[in-house]
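Have a look at the structure below, then the notes.
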Amino acid sequence: MLKIGGESLIGDREYGIDPKAVLSMAEKIKSIYAKEIEIAIVIGGGNIFRGLSGSKNGIERATADYMGMLATVMNGLALQDALEKVGVPVRMESALQMPAVAESFIRSKAIRHMEKGRVIILSAGTGMPYVTTDSGASLHALELHCDVLMKATKVDGIYDKDPMTDPSAKRFKTMSFKSAIEMEEVQVMDTAALAMCKENNMPIMVFDLFEDGQLERAIDGEDVGTFVSNESATVLA
Ligand code: UDP
């Protein structure tokens, strides 16, 4: 399970979708697809609309969240298009019914697509407001029996301090779920999503999708990113 935030699609822009950035992401996905790995992708929508900011501007929270879910469908279509262009067979499913643009999410169908060698993009998160696509990624990872939830971020893993502002920040090589939830200064993903992964033993690999080759190296088990599981000790790289 690959969780890609909407910000990955912005590229050089300030907002929205940069087709060049989407194509480059599709190439990265192709490189791991070539390893005959079954891939499910949950795509975010933060580059277009986030429910929480919409509700701060006066839109009813649930309505704003549905708008956010629609944003993930737009991103999903863009990613589907790019994957097709680079020759990766792909199907998109949506947690909100939208028959003209995507199949509705049906667990058995999603599994069948992967068995047939198709990448699946799961859009509209959980289909329910008040959560984010991180929760969508954890729930889908669990029901599809994924081996790992690969969470793409802007930095290569979890750091003890904010690496964007503090040059002395150090990367954790591995981390326990307990630490990931308790350390408030490190924000791995939504606490609800983390708790779900912890309770159900779904390991998470936090890595940098922007750096060329890092997705492949993470899949190959090289020392990149941060691996979070119940069994892992919290140790710096
Ligand atoms: N969203 C939702 N339910 C879900 C998934 C997403 O309500 O199951 C809404 C929520 O408003 C969220 C927006 O869709 O802010 C975009 O998703 P997210 O913020 O997770 O995108 P990302 O940060 O990954 O780009």
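Every number for a ligand or one of its atoms is a count from 1 in the order of the listing.
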Quick one: nearest non-hydrogen protein atom to [atom], plus distance?
atom                    : result
atom 24 (O) of ligand 1 : Lys3 NZ, 2.8 Å
atom 3 (N) of ligand 1  : Met128 O, 2.7 Å
atom 23 (O) of ligand 1 : Arg50 NH2, 2.6 Å
atom 20 (O) of ligand 1 : Thr133 OG1, 2.4 Å
atom 13 (C) of ligand 1 : Gly68 CA, 3.6 Å
atom 21 (O) of ligand 1 : Gly45 N, 3.0 Å
atom 15 (O) of ligand 1 : Gly51 N, 3.3 Å
atom 2 (C) of ligand 1  : Val131 O, 3.0 Å

Any nitrogen or oxygen of [X], side chain or backbone, less than 3.5 Å from one on ligand 1?
X      : answer
Gly125 : no
Thr126 : yes
Ala64  : no
Asp65  : yes
Leu52  : no

Any idea which part of Tyr66 is under 4.0 Å from ligand 1, heavy-atom wise: side chain, backbone, both or neither?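 For Tyr66, no heavy atom sits under 4.0 Å from ligand 1.
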Residues [X] and [Y] bridged, charged N to O under 4.0 Å:
X      : Y      : result
Asp65  : Arg50  : no
Glu93  : Lys109 : no
Lys3   : Asp134 : yes
Lys28  : Asp212 : yes
Glu211 : Arg217 : yes
Arg112 : Glu115 : yes

Using a strict 4.0 Å cut-off to heavy atoms of [X], name the atoms of ligand 1 that fall inside it.
X      : value
Gly6   : 22 (P), 24 (O), 25 (O)
Pro129 : 7 (O)
Gly5   : 24 (O), 25 (O)
Phe49  : 13 (C), 16 (C)
Gly44  : 21 (O), 22 (P), 24 (O), 25 (O)

Not counting sequence neighbours, list each pair that qualifies as a ring-ring contact (aromatic ring centres under 6.0 Å, His included) and has a residue in residues 129-162.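 Residue pairs with at least one partner in residues 129-162: Phe105-His140.
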Would you name the heavy atoms of Val148 and Phe227 that are closest together and state the gap between them?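 Minimum heavy-atom contact is CG2-CE1, 4.4 Å.
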To check you understand the geometry: which heavy-atom pair defines the closest contact between Ala218 and Met205, and what is its length?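 Minimum heavy-atom separation between Ala218 and Met205: CB-CE, 4.2 Å.
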So, does Asn47 use its side chain to make a donor-acceptor pair with the main chain of Gly16 at under 3.5 Å?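 Between the backbone of Gly16 and the side chain of Asn47 there is a qualifying donor-acceptor contact (under 3.5 Å).
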Donor-acceptor pair between Thr234 and Ser179 side chains, under 3.5 angstrom: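 On atom types as modelled, these side chains qualify, holding a pair under 3.5 Å.
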Donor-acceptor pair between Ser138 and Ser135 side chains, under 3.5 angstrom: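 Note: Ser138 and Ser135 side chains miss the donor-acceptor criterion.
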Is the shortest distance from a heavy atom of Gly136 to ligand 1 less than 4.0 Å?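 No; Gly136 lies far enough from ligand 1 that no heavy-atom distance drops under 4.0 Å.
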So for Met67, does at least one of its heavy atoms come nearer than 4.0 angstrom to any atom of ligand 1?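 Judged by the 4.0 Å heavy-atom criterion, Met67 does not count as contacting ligand 1.
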Just wondering, more than 12 heavy atoms not from Asp147 lying within 6.0 Å of its CG?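 Open.
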